[in-house]
Amino acid sequence: MSKITSDLNLYNTADRAVSKFIPLNPGKVGIYLCGATVQAPPHIGHIRSGVNFDILRRWLTAIGYDVTFVRNVTDIDDKILHKAVHEEIPWWAVAMKYERAFSDAYAALNVAPPTYEPRATGHITQMIQLMEKLIANGSAYAPGNGDVYLEVRKLKSYLTLSNQKLDDLLSADDADLTYKKDPRDFALWKAAKPGDPSWPTPWGDGRPGWHLECSAMAHAYLGEAFDIHGGGLDLIFPHHENEIAQSESAGWDFAKIWMHNAWVTTSGEKMSKSLGNSLQVMEILKKVRGIELRWYLGSAHYRSMLEFSFEALEESSVNFRRIEGFLQRAKGLLKSDIQPSISAQFTAAMNNDLAVPQALADISELVRIGNTAITDNDLTTLAKSASEVRGALEILGCDPFDPIFADSSNSKSEILDGLISLALEQRSAARERKDFAASDAIRDSLTALGITIEDTPTGSRWTVN
RNA sequence: GGUCGGAUGGCCGAGAGGCGAGGCUCAGGACUGCAAAUCCUGCUACACGGGUUCAAAUCCCGUUCCGACCUCCA
């Protein structure tokens with residue numbers, strides 16, 4: 001096992017402060033991230049959460065922790081059932097279709113698959129066991145209509161994560177007190193409605209409420225207590241409060257640190273699902289590469305709102321291409337693969353609650369130093385800076401040499417390389433005999449094809465735009 | 001009504017008492033046959049009004065505006 005090499009500090013929503021991370025078990029970290037409800041294709045807000053927590057996971061791994069990363073799939077809920085009716089296909093076909101869409105989007109952005117990716121419907125047994133426990137110890141009740149509720153007034157710690165008081169909550173308009181003891185009591189389990197999928201329980205046939213699955217699955221894969229529970233800001237209440245209520249009622253310590261990512265916004269507002277298709281991940285990937293979209297989504301601090309615009313995405317891509325170009329040049333000059341390493345500044349930034357923007361400033365400085373080293377033909381300095389740039393990019397999931405981002409058309413690019421080299425030889429010959437009209441004509445032709453030429457002291461380089 | 005967050009230069013985006021993060025754009029320069037790439041220089045900002053302090057973008061009080069959550073939510 002590698003040594004833990006640094007002191008990590010993380011923000012905990014539960015106490016609204018950054019503090020030193022101390023794992024429950026030395027050398028190990030358990031993380032549970034609330035994943036997608038698979039009822040529509042992912043938009044960039046969904047995937048930002050995936051990217052942010054992927055960076056956390058990579059950093060924890062880099063500094064020596066053995067990370068168990070669980071991200072669930074909610075494959076049963078009201079919207080999935082509605083969509084099934086609307087699309088006239090079974091509910092499970094809807095869930096699988098969009099689960100695949102999410103998996104594809106994660107893969108396109110180099111978000112590593114979780115250690116475990118449990119589906120809610122695969123854990124009904126664990127949910128029933130949890131409900132039995134909660135009913136047996138008086139925390140929950142089954143009033144006979146097929147629903148099972150958690151009695152929130154019995155819990156002293158309820159709403160401590162969101163710092164609210166039970167009586168201050170707006171009461172739900174549709175609160176039905178026929179069966180509920182209190183309007184704020186929430187459903188662990190919902191009685192079956194005609195035509196809906198259902199599973200048998202001691203209290204009648206039905207399906208899981210939204211909150212129960214995460215408590216049951218986090219417990220199944222990470223135990224009664226684990227280090228980090230993550231999700232979007234909007235999950236704090238009610239979802240995470242209710243998870244805490246269920247789990248603590250069962251006598252579990254549950255999550256020690258709560259981390260929440262902020263939204264991608266448009267026009268200052270939270271992205272809404274009614275915006276249409278334009279901000280779906282796969283639509284945006286028609287305009288920029290996955291590595292560039294990831295660079296953009298990862299570049300703001302995870303707790304800051306990221307105001308999306310195509311202009312900002314483009315300028316972020318320009319910034320990334322400068323770094324990428326540097327690494328490509330460095331690789332050519334060093335005549336070997338660049339070995340990733342982690343700079344002290346990058347470590348300091350990441351340990352400060354994953355201060356990626358601070359890390360980006362360090363990367364820019366390293367690129368500048370490296371580019372200057374290229375001009376000075378200082379290969380020692382170049383090797384060091386290139387190595388540190390690559391190491392940082394690897395943690396951010398944006399290593400241009402990562403095979404996941406490699407161009408799949410390798411055999412084609414060999415042919416292309418040969419053809420362009422041929423043209424460049426002609427151009428060099430023309431330049432040597434000072435026939436600049438001819439050499440510029442070749443360059444202009446290549447430019448028109450989307451190929452950019454750079455003349456360097458050691459010859460001409462080309463890149464496809 | 002309760003709870004939480006935000007307002008920083010042309011744009012994006014950090015910071016959280018004292019040297020103007022960084023990027024993008026733009027302008028000028030170096031290099032180049034000309035370009036491209038790269039490097040250098042410049043563009044001196046923190047919503048408003050008070051206060052604390054030797055010193056405030058940062059802390060305190062007040063104000064305005066924007067956003068989020070309050071049982072669908074990344």
Side-chain angles (χ1 to χ4, degrees), chain A residues 13 16 33-37 39 42-53 74 77-79 82 152 159 162-175 183-187 209-211 230-239 241-242 260-265 267-273 296 299-301 303-309 311-320 322-323 325-326 329 349 352 355-365 367-368 370-372 374-376 431 434-436 439-440 443-444 447 452-457 460-463:
Chain A
T13 306
R16 315 262 168 206
L33 173 64
C34 284
T37 300
Q39 49 91 13
H43 58 59
I44 51 172
H46 294 122
I47 220 74
R48 179 189 188 189
S49 178
V51 168
N52 286 156
F53 283 96
T74 299
D77 93 316
D78 288 342
K79 288 197 172 178
H82 291 154
V152 295
L159 303 180
S162 58
N163 194 28
Q164 298 177 98
K165 294 192 179 81
L166 199 55
D167 293 320
D168 289 339
L169 297 181
L170 293 176
S171 58
D173 299 337
D174 57 352
R184 286 91 173 183
D185 290 351
F186 63 90
W210 175 35
H211 317 295
L233 210 49
D234 45 358
L235 297 182
I236 294 173
F237 184 86
H239 186 53
E241 291 286 12
N242 290 355
H260 295 94
N261 65 278
W263 296 291
V264 177
T265 57
S267 307
E269 294 182 2
K270 178 182 175 183
M271 279 178 57
S272 124
K273 284 167 190 154
Y296 174 65
S299 65
H301 188 90
R303 286 192 283 118
S304 296
M305 301 293 171
L306 177 61
E307 170 66 16
F308 177 84
S309 72
E311 291 75 17
L313 175 59
E314 174 56 24
E315 69 177 49
S316 163
S317 297
V318 170
N319 170 227
F320 181 73
R322 169 173 169 259
I323 298 162
F326 163 68
R329 281 192 296 279
N352 180 19
V356 175
Q358 203 178 312
L360 260 38
D362 177 47
I363 292 170
S364 282
E365 174 70 3
V367 169
R368 190 185 60 73
N371 276 324
T372 301
I374 289 176
T375 307
D376 298 343
R431 290 177 72 206
K434 309 272 184 211
D435 183 358
F436 296 120
S439 74
D440 287 354
R443 185 172 64 196
D444 290 346
T447 302
T452 305
I453 304 303
E454 293 170 31
D455 295 330
T456 75
S460 300
R461 290 180 76 239
W462 62 272
T463 45

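Proteins get letters first, then strands, A, B, ... in listed order; numbering begins at 1 in each.
Counting only N and O atoms by type, the side chains of A/T37 and A/D77 include no donor and acceptor under 3.5 Å apart. A side-chain donor-acceptor contact under 3.5 Å links A/S162 and A/Q164.
Distance from the side chain of A/R184 is smallest to B/U71 among B/U71, B/A14, B/G33. In this structure, the nucleotide among B/G13, B/A35, B/U71 sitting nearest to the side chain of A/D455 is B/A35. Here B/G33 is the nucleotide among B/G33, B/G13, B/A74 with the atom lying nearest to any side-chain atom of A/F436. For A/D234, counting side-chain heavy atoms from C-beta on, the closest listed nucleotide (B/C72, B/C69, B/U38) is B/C69. Relative to the side chain of A/T452, the nucleotides B/A36, B/U71, B/C69 differ in distance, and B/A36 lies closest. Which of B/U71, B/U38, B/C72 sits closest to the side chain of A/T375 comes down to B/U38. Here the nucleotide nearest the side chain of A/A300, chosen from B/A74, B/G67, B/A14, is B/A14.
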Any chance you could list the contact pattern along nucleotides 21-27 of chain B? Use B for base contacts, S for sugar-phosphate-only contacts and - for none, protein heavy atoms under 4.0 Å, 5' to 3'. BSBBS--
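When both distances must be under 3.5 Å, the Watson-Crick or G-U wobble mate of B/C19 does not exist. When both pairing distances are held under 3.5 Å, B/U58 makes no Watson-Crick or G-U pair with any nucleotide shown. The partner of B/A27, taking Watson-Crick or G-U wobble pairs whose two distances both stay under 3.5 Å, is B/U41. The partner of B/C4 is B/G67, by the rule that a Watson-Crick or G-U pair needs both atom distances under 3.5 Å. When both pairing distances are held under 3.5 Å, B/U32 makes no Watson-Crick or G-U pair with any nucleotide shown. The partner of B/U53, taking Watson-Crick or G-U wobble pairs whose two distances both stay under 3.5 Å, does not exist in any strand shown.
At a threshold of 4.0 Å, the pair A/K270-A/D234 counts as salt-bridged, since one of the basic side-chain nitrogens sits closer than that to a carboxylate oxygen.
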Within the sub-3.5 Å range, which N or O atoms of nucleotides 4-7 of chain B have a protein N or O partner, and how far apart are they?
from: B/C4; atom 1: OP1; to: A/N163; atom 2: ND2; distance (Å): 3.0

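Using a 4.0 Å heavy-atom distance criterion, A/L235 is classed as a sugar-phosphate-only contact. In this structure, A/V264 reaches the bases: a heavy-atom distance under 4.0 Å links it to at least one base atom across the strands shown. Looking at heavy-atom distances under 4.0 Å, A/G45 makes contact with a base. Residue A/I236 is out of contact with every strand shown, counting any heavy-atom pair closer than 4.0 Å. Residue-level contact check: A/R461 touches neither bases nor backbone, having no heavy atom under 4.0 Å from any strand. Among the atoms of the strands shown, none is found under 4.0 Å from any heavy atom of A/T447. Across all strands shown, A/G35 has heavy atoms under 4.0 Å from sugar-phosphate atoms exclusively, and none from any base. At the heavy-atom level, A/E314 lies nowhere under 4.0 Å from the strands shown. Among the protein residues, A/H260 comes within range of no part of the nucleic acid, since none of its heavy atoms lies under 4.0 Å from any strand. As judged by a 4.0 angstrom heavy-atom cut-off over every strand, A/S309 is placed among residues making no nucleic acid contact.
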What verdict does the side-chain contact (heavy atoms from CB on, under 4.5 Å) test give for A/L306 and A/T265, after you've listed the backbone C-alpha separation in whole Å, the side-chain angles of each residue and the deciding distance to 0.1 Å? CA-CA 6 Å; A/L306 177 61; A/T265 57; over 6 Å; no
Derivation of the side-chain contact (heavy atoms from CB on, under 4.5 Å) call for A/S460 and A/E454: CA-CA 6 Å; A/S460 300; A/E454 293 170 31; over 6 Å; no
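The same atom, P, is picked in B/G28 and in B/A36; the two are 13 Å apart, to the nearest Å. Annotation: B/G10 and B/C46 have their P atoms spaced 10 Å apart (nearest Å). Straight-line distance between the P atoms of B/U25 and B/A37: roughly 9 Å, to the nearest whole Å. Spacing between B/G67 and B/U52 at atom P, rounded to whole Å, works out to 35 Å. Here the separation of B/A68 from B/C61, taken at their P atoms, is 26 Å to the nearest Å. A gap of 29 Å separates the C1' atoms of B/U63 and B/C54, to the nearest Å.
For A/R443 against B/A35, a side-chain N or O and a base N or O form a donor-acceptor pair under 3.5 Å.
Listed for the A/D185 side chain is a donor-acceptor partner under 3.5 Å among the backbone atoms of A/V152. The main-chain N or O of A/A312 is never found under 3.5 Å from a side-chain atom of A/S316 such that the two would form a donor-acceptor pair.
Both A/L233 and A/V367 sit near RNA chain B, but only A/V367 has its closest nucleotide nearer the 5' end. Nearest-nucleotide positions on RNA chain B place A/E454 closer to the 5' end than the other of A/E454 and A/W263.
Evaluation of the salt bridge (Lys or Arg N to Asp or Glu O under 4.0 Å) rule for A/R322 yields no partner, not counting sequence neighbours.
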